[in-house]
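First the structure, in the form of structure tokens, and then the observations on it.
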Protein chains: 2
Amino acid sequence: MPKLMADDIATALKRRIAAGDWSPEGRIPPERDLAVEFGVARNTVRKAFDALERDGTIVRQVGRGTFITARDADTLAATVARMEDTSPADMMEIRLLLEPAAAAFAATNASASELAAVREAHQAAVEAREMPEFEHLDAEFHHRIFACCRNEFLKEIHNLMRILRNQAPWFDMKRRSFSEERRHLYCDEHQAIVDALVARDPDRARSAMAAHLRTVERNLLGRNGPDL
Amino acid sequence: MPKLMADDIATALKRRIAAGDWSPEGRIPPERDLAVEFGVARNTVRKAFDALERDGTIVRQVGRGTFITARDADTLAATVARMEDTSPADMMEIRLLLEPAAAAFAATNASASELAAVREAHQAAVEAREMPEFEHLDAEFHHRIFACCRNEFLKEIHNLMRILRNQAPWFDMKRRSFSEERRHLYCDEHQAIVDALVARDPDRARSAMAAHLRTVERNLLGRNGPDL
DNA sequence: GCCAATTGGTTCACAATTGGATCACGGAGG
DNA sequence: CCTCCGTGATCCAATTGTGAACCAATTGGC
């Protein structure tokens, strides 16, 4: 008979919580069940829970159950909230990481109709004259490339970036950096990307996209990107 | 059996809305039908709808029905909901894209204390014996590398991936693929990454991480990754 | 224009589950 | 002998799900 079973159970529970046995923000099995599982009286489990409750790792609610107090870092909502503070520089760094790869994927994986959709978005952007409309079509162009990748997760990550970039501070920045000359440059670079996709040339697609993004970075942040 | 069904149903509904199951005209089946479909009392479905109505994803009208408000798949919440269905293969593809780059960033940018934190997590993982604990420390190791990158957005993306991988279907998959032998292999590969970081060698860090992830991919998906 | 069917809104009593609290019992150890 | 701690049991209080009934608004057919 080991001394202080309650303490032992408390530490065992802590480890299992830390290990993620019951997902964060999740519910812990009822005291009665755990008592059976540990082969111990319910009162003893309660003692153990008392300790965990005191140091704040769990919360108990009559009639509902016992819950792990999720640390902020471990919830989707908190993570997304933190993303909303992303700086333009950080964002550009990630775009530079993901989009050339996405363009390469697209060059190998895209179906004919998907390619047509990309060209169509490009064409629409060429014809757009005002800044908000061009902005929207530009984003659509990039998004359709991601839609060719055969990777839903990558597509959703880009979706996320697009939403973040559509929020107020970004919009002002884009407006300030916009000019007719730059719009033409972007269209040319888009054309180069489309050409590479149509040619099914992943490497050229990758480098065309990288070149384009470095241009965007230069215009947006007023400095040279790294030479990748 | 009160097991917080309303919450479960609410998240299920959110996901189906995000996925566009019964869009596009925006109408959701009647409460009575859904109650049957979920095998649950109508009152319970109503509870779930109450939550969705509060956070504005649906609108209800007596005599007409329940409708999706944000038909736009362009909200953060919907995007994240769709991410929850990410397949392991897609996830691994993105990890293979981001983590080697992150390791390279870390090799150049990490502060001494951040490097120490990475080593500490590695050491703890080496000493862990049980599968859930090792799993958790393994994730922590990877996350601390991202924390060295000087890119908050990249860090949060990884956080997001970590949370997704902690959900039920993934957990079972990881458990099945786990073995003592593989744990040792992972530890060795982690060591190689740590060595490269300490040596401040971005290229070696990148390739060590890539090699590690290909091992993980092989074990998790039971096939060879592409030779990058 | 009226009526019936559909659909969300509301309320109620009931049962099941779950944490909260207390008590008597018994063994281990001082 | 006395204290500490786990056991087993009992009862309480809070929450949730169930099933049913009825109301109110909308729609569509007659």
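Lettering follows sequence order; numbering is per chain, from 1.
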Query - Rounded distance in Å - CD (B/Glu31) to P (C/dT10) - result: 11 Å
Query raised in the report: When rounded to the nearest 0.5 angstrom, what is the spacing between NE2 in A/His158 and CD in A/Glu99?
Result: 4.5 Å
**Report entry** Cationic N near anionic O, under 4.0 Å, B/Glu37 to B/Arg16
**Finding:** yes
Report task. Nearest whole angstrom, please: distance from the P of D/dT18 to the CG of B/Leu34. Result -> 14 Å
What nitrogen or oxygen pairs link the protein and nucleotides 22-27 of chain C at under 3.5 Å?
unit_1: C/dT22; atom_1: O4; unit_2: A/Asn43; atom_2: OD1; d: 3.2
unit_1: C/dT22; atom_1: O4; unit_2: A/Asn43; atom_2: ND2; d: 3.3

**Report entry** Between C1' of C/dG19 and CG of A/Asp33, the distance in whole Å
**Finding:** 13 Å
Query raised in the report: Which of these nucleotides, C/dG9, D/dG6, C/dG19, is closest to any side-chain atom of A/Arg46?
Result: C/dG19
Query raised in the report: For A/Phe67, what residues pass the ring-ring contact (aromatic ring centres under 6.0 Å, His included) criterion, not counting sequence neighbours?
Result: none
Requested in this report: Indicate yes or no: at least one non-hydrogen side-chain atom of A/Ile68 is less than 4.5 angstrom from one of A/Trp22.
Outcome: yes
Query raised in the report: Between C/dT7, C/dT10, D/dG17, which nucleotide has the shortest distance from any of its atoms to the side chain of B/Arg27?
Result: C/dT7
Nucleotide N/O of nucleotides 21-30 of chain D paired with protein N/O under 3.5 Å:
unit_1: D/dT27; atom_1: OP1; unit_2: B/Arg64; atom_2: NE; d: 3.3

Query - Step-by-step side-chain contact (heavy atoms from CB on, under 4.5 Å) determination, B/Arg46 to B/Asn43 - result: CA-CA 5 Å; B/Arg46 284 188 56 65; B/Asn43 269 336; 4.3 Å; yes
Query raised in the report: Is A/Arg60 salt-bridged to A/Asp50, going by a charged N under 4.0 Å from an acidic O?
Result: yes
Query raised in the report: Does a side chain donor of either B/Arg150 or B/Asn109 reach within less than 3.5 Å of an acceptor in the other side chain?
Result: no
Requested in this report: For the residue pair B/Phe141 and B/His122, categorise the inter-ring angle as parallel (less than 30°), tilted (30 to 60°) or perpendicular (more than 60°).
Outcome: tilted
Report summary line: B/Asp7 CG to D/dG17 C1', in whole Å, measures 12 Å
Query - Under 4.0 angstrom between B/Thr66 side-chain N/O and C/dG8 OP1 or OP2 - result: yes
Report task. Return no unless some side-chain N or O of B/Thr44 is found under 4.0 Å from OP1 or OP2 of D/dT16. Result -> no
**Report entry** For atom NZ of B/Lys47 and atom P of D/dT18, their distance in whole Å
**Finding:** 10 Å
Report task. For residues B/Leu52 and B/Ile17, determine if any side-chain heavy atom of one lies less than 4.5 Å from a side-chain heavy atom of the other. Result -> yes
